[in-house]
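I have placed the structure first, in the form of structure tokens, so that the comments after it can refer back to it.
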2 protein chains.
Amino acid sequence: MLSQTTLPIASTTSTVRDPEVRGLLSLTLPGSVTFYPVDSVIYGQGDTAGPLYLVEFGTVRICRMTSDGRRQITSFCYAGDVFGLEDGDEHQSYAESVDGAGIRLLRPTDSAAFAQKLLGLALRRFARVQKHVLLLGRLNANEKMATFLIDLMERQDADGIINLPMQRNDIADYLGLTFETVSRVLRVLKDKQIIRLLSVEKIEVLDTEALAGLCE
Amino acid sequence: MLSQTTLPIASTTSTVRDPEVRGLLSLTLPGSVTFYPVDSVIYGQGDTAGPLYLVEFGTVRICRMTSDGRRQITSFCYAGDVFGLEDGDEHQSYAESVDGAGIRLLRPTDSAAFAQKLLGLALRRFARVQKHVLLLGRLNANEKMATFLIDLMERQDADGIINLPMQRNDIADYLGLTFETVSRVLRVLKDKQIIRLLSVEKIEVLDTEALAGLCE
DNA sequence: CGACCAATTGAATTGATTCAAGGTCCGTGG
DNA sequence: CCACGGACCTTGAATCAATTCAATTGGTCG
């Protein structure tokens, strides 16, 4: 969609804290940070895979499409997350910036220690996606939403206020719902006094217990 | 459920052909083959993770449960598949024998080459599970079933006759459906002359094109 | 043969979607 | 500064795909 621009400033050192990711950084040749505007493509389905990407700020969605245009978002990546790791030499998913994201390219050095790190990364991602499988296959709309919100809370370690950088349609395509259903489910949670909608993209969790109770 | 028994015969060398897996075998200390009867547990949720498991024959299901007992099967493993690889030191899923399976334990030697192999394995699994995410999130019952059957065909490289070692309930829990729906969808495919039900566990594909066309 | 479990089929129900109508927010230009 | 347009979000009503509940059939094993 729109073209990205390389940030001229503050691009040499990452601000990421996660020790796992920092370990990875030390074994790669990190590039500078590139800014991807809203909805711009980071890599496309079929593109050559290889380098990894580190989210410095903003949000990224990893997606797949059916041939008739239905979209499934397989994951959202937030600041500190690494993505782009794939089987084979072609990307089977595509990645887009959700809200304007700063992405650092990590060029893999071909060392054994690096592979070890990658394995840890892959396993963590794998554990995540398996939880997603359970969510998609066996939870109802309320449970999906509650699980999503709890996950966001943990990732943002926000005490109370959750930020929704993505729009309703993205949430729907992540949870296997329609955007109307997402809207309605939020209303249900609101009516139950579990959350409060501060704005379209800000949610206050009033009753974390109740929200967690819905996850199952 | 039932207890496993170690096979006294033909247990020292694996019959697996997949070069990726054979490479893995050469870097592990393969144990003997243990037979797990129908529905017996191979490892449970919360068990200590570590060794890998190689399916020598039969079928294994990898599952997760919600706290109220809903089950999602995240994958089926057939002869030649390796499973048991997980993040952290506790299994977050559990594995059961579907139909009586022979399982070889692979004790990881802690070498770098081994990690490299594991990475390849993890990435392959990752690619698989992502396809499953799309299936669960965005396909309807017919499409799910068609995709499942095509996948089985490819894995069994069967020309025409597909074997269903698992029962309807397992298929349902894999596809995010109910067993009644699985039954009905099979009937629809039968009525469309796309498949023929030779027996409960044998399906003849009459029109592979049509079946593939349903997959999207 | 009878018991039991799995699979099929039918009928009623329901959770989520689809279709449609407003409402809100925000940026742009008069 | 306010009006307008467009994109996104919310809400309602009707519809539908899949589930639930309930028989019935089929297959297997003692």
Side-chain angles (χ1 to χ4, degrees), chain A residues 1-2 37-39 61 66 68-72 98-100 135-148 163-191 195-203 214 216, chain B residues 1-2 37-39 59 61 66 68-72 98-100 135-148 162-191 195-203 214 216:
Chain A
M1 318 236 172
L2 297 170
V38 175
D39 289 335
R61 58 178 174 250
T66 62
D68 65 345
R70 282 170 285 176
R71 183 182 68 158
Q72 176 66 43
V98 168
D99 57 349
L135 176 146
L136 290 170
R138 285 294 172 237
L139 301 195
N140 65 30
N142 290 339
E143 294 167 333
K144 284 176 177 180
M145 195 52 161
T147 305
F148 177 64
N163 232 300
L164 297 178
M166 70 294 288
Q167 55 188 52
R168 300 292 187 264
N169 210 346
D170 288 329
I171 300 175
D173 284 353
Y174 179 70
L175 298 178
L177 301 169
T178 61
F179 64 88
E180 294 99 325
T181 300
V182 167
S183 208
R184 276 187 263 267
V185 168
L186 285 175
R187 189 178 203 300
V188 169
L189 294 179
K190 194 187 82 178
D191 288 350
I195 61 171
R196 216 151 60 91
L197 298 165
L198 305 181
S199 74
V200 170
E201 71 233 344
K202 275 211 182 339
I203 288 181
L214 285 179
E216 275 340 279
Chain B
M1 318 235 172
L2 298 169
V38 174
D39 289 336
T59 309
R61 58 177 174 251
T66 62
D68 65 345
R70 282 169 286 176
R71 183 181 67 157
Q72 176 66 43
V98 168
D99 57 349
L135 176 146
L136 290 170
R138 285 292 173 239
L139 301 195
N140 65 30
N142 290 338
E143 294 166 332
K144 285 176 177 180
M145 195 50 155
T147 305
F148 177 64
I162 297 177
N163 231 300
L164 297 178
M166 69 296 287
Q167 54 187 51
R168 301 291 187 264
N169 208 348
D170 288 329
I171 300 175
D173 284 353
Y174 178 70
L175 297 179
L177 300 170
T178 61
F179 64 88
E180 295 99 326
T181 300
V182 167
S183 210
R184 276 186 263 266
V185 167
L186 285 176
R187 189 177 203 301
V188 168
L189 295 178
K190 195 187 82 178
D191 289 351
I195 61 171
R196 216 150 60 91
L197 297 165
L198 304 182
S199 75
V200 170
E201 71 233 343
K202 275 211 183 336
I203 288 180
L214 285 178
E216 272 338 283

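Letters A, B, ... are given to chains in the order of the sequence lines, protein chains preceding strands, and every chain is numbered from 1. The figures that follow rest on heavy atoms only: side chains count, while hydrogens, waters and symmetry mates do not.
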Expressed in angstrom and rounded to an integer, what is the separation of B/Leu197 atom CG from D/dG27 atom C1'?
-> 15 Å
Hey, is the main chain of B/Met166 close enough, under 3.5 Å, to the side chain of B/Glu201 for a donor-acceptor pair?
-> no
Partners passing side chain to side chain donor-acceptor pair (under 3.5 Å) against B/Asn142 (at least two apart in sequence or in another chain) | none
How far does CD1 of B/Ile203 sit from CZ of B/Arg196, to the nearest 0.5 angstrom?
-> 12.0 Å
Once you round it to whole Å, what is the distance between C1' of D/dG12 and CZ of A/Arg187?
-> 11 Å
Starting at atom CG of A/Leu175, determine the distance to atom C1' of C/dG15, rounded to an integer number of angstrom.
-> 16 Å
D/dC8 C1' sits how many Å from A/Leu164 CG, rounded?
-> 14 Å
Nearest-Å distance for atom pair CD/P, residues B/Glu201 and C/dA7 = 9 Å
How far apart are the C-alpha atoms of B/Glu143 and A/Thr66, what are their side-chain angles, what is the distance that settles it, and do they pass the side chain to side chain contact (heavy atoms under 4.5 Å, CB included) test?
-> CA-CA 11 Å; B/Glu143 294 166 332; A/Thr66 62; over 6 Å; no
OP1 or OP2 of D/dT10 under 4.0 Å from side-chain N/O of A/Arg168 | yes
Using whole Å, report how far CG of B/Asp99 lies from C1' of C/dA6.
-> 16 Å
The contact string for nucleotides 14-24 of chain D, one letter per nucleotide 5' to 3', using protein heavy atoms under 4.0 Å with B, S and - for base, sugar-phosphate only and none, comes out as ----SBBB---
Under the 3.5 angstrom rule, does the side chain of A/Arg138 hit a backbone N or O of B/Arg70 as a donor-acceptor pair?
-> no
Name the one of B/Leu135, B/Val185, B/Leu164, B/Val182 that satisfies side-chain contact (heavy atoms from CB on, under 4.5 Å) with B/Phe148?
-> B/Leu164
Interatomic distance where CD belongs to B/Gln167 and P belongs to C/dC5 [whole Å] = 12 Å
Atom-to-atom span, CE of A/Met166 to C1' of D/dC8 - whole angstrom = 15 Å
